[in-house]
Structure formats: structure tokens, C-alpha cells
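Structure, as C-alpha cells:
Numbers here are sequence positions counted from 1. Counting starts at 1 for both ligands and their atoms, in listed order.
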Amino acid sequence: MRALFIHSRETWFRAVRRALREPPDPPSEESLGECLVVFVSIEEGDGLGEAERLANDAVSQAERVGVNCILLYPFAHLSSRLADPRRAYSLLVEAERLLRERWTGKLARAPFGWYKSFRIHCVGHPLCELSRSYGGEGGLYRLRNGKLVQLREAENLDEAPHFTSGAWDEESLRVMTRFGLHPQVTLLGAEVARGALLHAAGGPPAPTSPVRDFSPQGREPLPHTLVRVCLDALECGCSEALYAVPGYGDVLVRANLDLDSVAAGLGGLMEGFGGRLASVSASRREGLVVDWYADYDGRILYYESPSGRAVVVGGYAALRGGTGSVACLGPSYEVARALVDHGVAMARSGRTPSLPFWASPVHVAIIPVKEEQLAIAEELARQASSLGLRVYIDPPTRGLGARVRAAGRLWSLYIAVIGEREARDGTVNVRRRREGDQVVMSMGEFIEDLERQALSSPSPHRVMRGPPTPQSSL
Ligand code: A3S
């Protein structure tokens with residue numbers, strides 16, 4: 001928000017022509033004697049906090065120059081990052097409301113959405129002109145004693161969960177890298193993340209849903225970004241959309257999903273996390289406070305890693321007194337990494353780690369023992385990948401043991417070995433990760449079983465030739 005305060009002796013304005021198709025205010029003309037003229041440009045990302053700071057500054061400046069009248073003047077020429085007129089008007093009216101609470105003198109407001117002719121007479125003393133700029137402070141957190149502090153400070157005071165994506169310990173990072181889920185993003189990582197999102201949000205967003213770039217001011221802490229995404233989606237009335245949050249990945253929003261249905265939609269995620277999901281309230285009055293131009297209620301879903309750090313995986317917001325709500329899931333990378341981190345925690349407790357079906361990097365690793373079985377392996381890969389599964393064939397270029405171990409380190413849900421006997425009998429020898437067993441079944445049975453599971457999860461897929469490249473260190 002940018003403001004210019006002018007102490008004016010004689011002040012007059014008149015609306016001349018519509019500047020918006022339907023200006024929210026009627027045209028008006030007013031002559032005011034001595035007053036403090038407050039020219040204000042509302043900018044993108046401005047919220048109630050900026051309106052409050054403007055009102056406080058206007059009152060203290062009016063008292064300082066000794067006038068008894070303030071004129072609030074919407075002026076779209078002080079900034080190149082103007083907020084859209086609807087949001088600008090809401091904040092202007094909010095600033096006027098806050099001024100009425102704080103200012104006993106005369107208060108006037110010039111009409112919004114009009115080209116206006118105006119005359120002011122600037123007195124010329126040193127305090128006559130003053131400019132101000134109020135910028136969104138990003139993430140704020142209300143402490144138990146009511147004080148508003150930066151999120152980092154609340155974390156240090158142990159009043160807020162430690163929302164930092166630096167939540168991962170060495171072993172988890174190693175597994176993430178193996179899955180392509182590490183900063184240098186590979187396609188596989190993107191697929192695992194998208195698979196997690198699409199499944200948990202109940203299937204891919206309609207192709208018509210807008211993909212919106214959402215770059216919050218600077219690099220706000222993650223939780224606030226998610227609340228802003230939700231509020232933005234609410235405001236733009238998105239029924240569903242994919243938001244690209246720079247540096248964080250995709251955030252999927254769905255309208256009118258209450259938190260319970262998000263939790264249910266997160267089914268696989270909840271099971272994947274083993275219930276390590278918690279939530280914190282986000283509203284103007286408690287918990288995470290996001291500077292926004294309207295009151296809202298919300299919650300942030302987060303995963304607490306064994307290392308005690310929290311990672312945001314979802315959010316939910318509803319405008320107070322408004323209609324509808326929006327739930328969001330993401331950023332996709334954090335969701336997928338949290339799942340891997342939870343898997344590593346499983347391994348530490350002696351259980352075989354795995355990811356929920358729809359988030360597993362590899363559904364079926366197919367290992368033909370010899371060249372002679374390659375054709376059958378190709379056929380199985382074709383059928384499994386046509387079911388939308390993530391599949392690869394590991395050709396007989398190295399020993400069987402090494403190839404089975406490689407598939408295990410990718411947490412492959414099924415390792416299908418086809419040797420001479422299986423080729424002759426039309427069977428496949430399957431190591432099943434989650435069941436923890438090894439069974440021989442007919443090829444038809446195996447495909448049916450895969451189909452039953454694939455239909456329950458819209459995971460994107462691709463056929464891989466051998467373990468995905470980043471895993472050369474297998
Ligand atoms: O832009 C056309 C008119 O609509 C209002 N307006 C804004 N005012 C402040 N901040 C914003 N982000 C705005 N977006 C729209 C203003 O009333 C604006 N009119 N021609 C001048 C009045 O003298 C003007 O700025």
C-alpha cells in the first residue's frame with residue numbers, strides 16, 4: 001500500500017467520468033476547508049494489516065499538523081503493483097471503518113472508480129507532505145499472550161510447530177534422492193508427488209481448471225503461502241485448480257471440501273503418515289495470521305517428521321460470514337517427501353518401508369532371468385503400464401540378485417521375476433513388498449490383481465527402461 005499525505009488549506013474534488021464500468025460509489029463533489037488529504041494506492045497482497053497501519057498514520061499525521069478533517073482519496077497512480085479494484089475497494093472501506101473508530105474529527109472519502117477533478121492548496125510547511133509505504137510482512141503468528149510475531153520468532157519460542165521444509169534427516173534425503181524427490185527435480189519425483197496429490201484430492205482436477213501461478217510476496221513461510229492460496233482460490237471462486245507455487249511445487253485446491261472430507265480424501269496420505277498429521281488454526285484472531293483484506297477461518301494440515309520438524313501438507317479456508325470453503329493439498333513435493341520420511345521411520349522401527357500404492361515410485365519391477373524371457377517381460381510391462389502403473393524392466397545385463405536388490409531399494413511394491421519355468425507355465429514369481437511374501441501366480445491373476453489396485457488410484461504413469469536414471473547408485 002502506498003500513501004501520500006498532503007496538508008491542504010482549501011480542498012475540492014468532483015467526480016467527472018466513470019473509470020470503472022460499475023463504480024461502487026456514486027459520483028459526488030465536495031468542498032472541504034483545511035484538511036489532511038490521504039491519497040492511497042492499494043497494492044497486490046495488501047491486507048487488513050495495511051489498512052490498519054494507514055488509518056493509524058493518517059490520525060497521527062492529522063493530529064501532528066493540527067487539522068480537524070481527513071479526506072481519504074483513492075488514487076491509482078502511486079504504484080505499479082495495484083490490487084484489483086474489488087479488493088482495493090474492500091480495503092479502502094476497511095481503512096475508512098478503522099478511521100471512524102480512531103478519529104473524532106470530520107472524515108470524508110472521495111468516490112472510488114471515478115476520474116475526478118480536484119484542487120488542493122498545499123500549505124508548504126515542512127510537515128506538509130509525507131509519503132508512506134506499507135508492505136505485507138508475510139507470515140505472522142499470534143502468541144498465546146495475543147502478541148503478533150513473525151512465524152520464525154514463534155517457532156523459536158516453541159509456540160508454533162517448526163514449519164520449515166528443512167525437516168529431513170540424512171537417511172530420508174538419501175531415499176528421496178533415490179526416488180528423484182530431491183531438489184534437482186526429476187520426472188519421477190514429480191509423478192510421485194502428483195500421484196499423491198491427485199489420489200488424495202479424489203482424482204485429477206478437471207482439465208478446464210485454471211493453473212494459476214501464485215508467487216507470494218518474497219518467500220513467505222510455507223503455511224502462509226497455503227492460506228493465501230486458499231483465500232485466493234475462494235476469492236476467485238475456483239471450484240478446483242492447480243496452483244504453481246514457485247519453489248514449492250503444485251498445490252491442488254478443491255472448493256467446498258470441509259476439513260473432514262480433506263482428511264478422508266487424504267486417506268492414503270493419513271495411512272501413509274501413520275496418522276502423523278496434525279493441524280493448526282489459521283484465522284485473523286488465532287494461530288497463523290495471514291494479512292488479508294477480509295476475515296477468514298482456516299486450518300493448516302502438517303506432518304511432523306521424526307526429527308520433530310513440521311512440514312505443511314494441506315490447508316483449508318473459509319471467509320468469515322462468507323459462503324463456501326476451499327481445501328488445498330500440497331505443495332506436492334512436501335507431501336511426497338513426508339511420505340518417504342515416514343517410510344524411513346517405518347524402516348527404523350524394523351518394518352519394511354513402503355509408500356501408499358498411488359505414491360510408490362515403482363509399482364512393478366519386472367526382471368526376466370534371461371534374454372529368452374524378455375518378450376514375456378515386455379508384454380507384462382505393456383499391460384501393467386496400460387493400467388496407469390509405474391513399471392520398469394531390468395534386462396538380464398547383470399545378475400538376478402543385483403537386480404532384485406535394486407528393485408527392493410526402490411521400495412517396488414511388486415518384483416516380478418520371470419525365469420524358464422515361469423515362461424513355460426505362464427506364471428510369474430512375485431515378491432510382494434507390503435504383504436512381505438513371495439508367491440507364484442498365473443500371469444492373468446497377477447494382471448487382475450494389479451488392475452484392481454490401479455483402478456483405486458489415478459496415478460500418472462510411464463514405462464521406465466531399467467531403474468530410473470537418478471538411481472545409478474543403487
Ligand atoms: O483506477 C480507476 C479508479 O478506480 C480507483 N482505483 C484504485 N484506487 C486505489 N488503489 C487501487 N488499487 C485502485 N484501483 C482502482 C481509483 O478511484 C481510480 N481513480 N483518476 C484517479 C482519481 O483522481 C484514480 O486513481
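- Atom CD of E170 is surrounded by 12 or fewer heavy atoms from other residues, nucleotides or ligands within 6.0 Å.
- The side-chain contact (heavy atoms from CB on, under 4.5 Å) test applied to E30 returns F13, L32, K106, A108, not counting sequence neighbours.
- In this structure, R87 is positioned above the aromatic face of W292, its NZ or CZ under 6.0 Å from the six-membered ring centre and within 45° of the axis.
- S131 contributes no side-chain N or O that, together with a main-chain N or O of L4, makes up a donor-acceptor pair within less than 3.5 Å.
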Any protein N or O within less than 3.5 Å of an N or O in ligand 1? List each pair with its distance, or say none.
unit_1, atom_1, unit_2, atom_2, d
ligand 1, 4 (O), G113, N, 3.4
ligand 1, 10 (N), I42, N, 3.0
ligand 1, 12 (N), I42, O, 2.9
ligand 1, 12 (N), A83, O, 3.2
ligand 1, 17 (O), G113, N, 3.1
ligand 1, 19 (N), W114, O, 3.2
ligand 1, 20 (N), H77, NE2, 3.3
ligand 1, 23 (O), Y73, OH, 3.3
ligand 1, 25 (O), A76, N, 2.6
ligand 1, 25 (O), H77, NE2, 3.2

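- Not a single donor-acceptor pair under 3.5 Å links the side chain of H224 to the backbone N or O of L288.
- Note on ring orientation: taking the six-membered ring where Trp is involved, the planes of H342 and Y303 are perpendicular (angle over 60°, cut-offs 30° and 60°).
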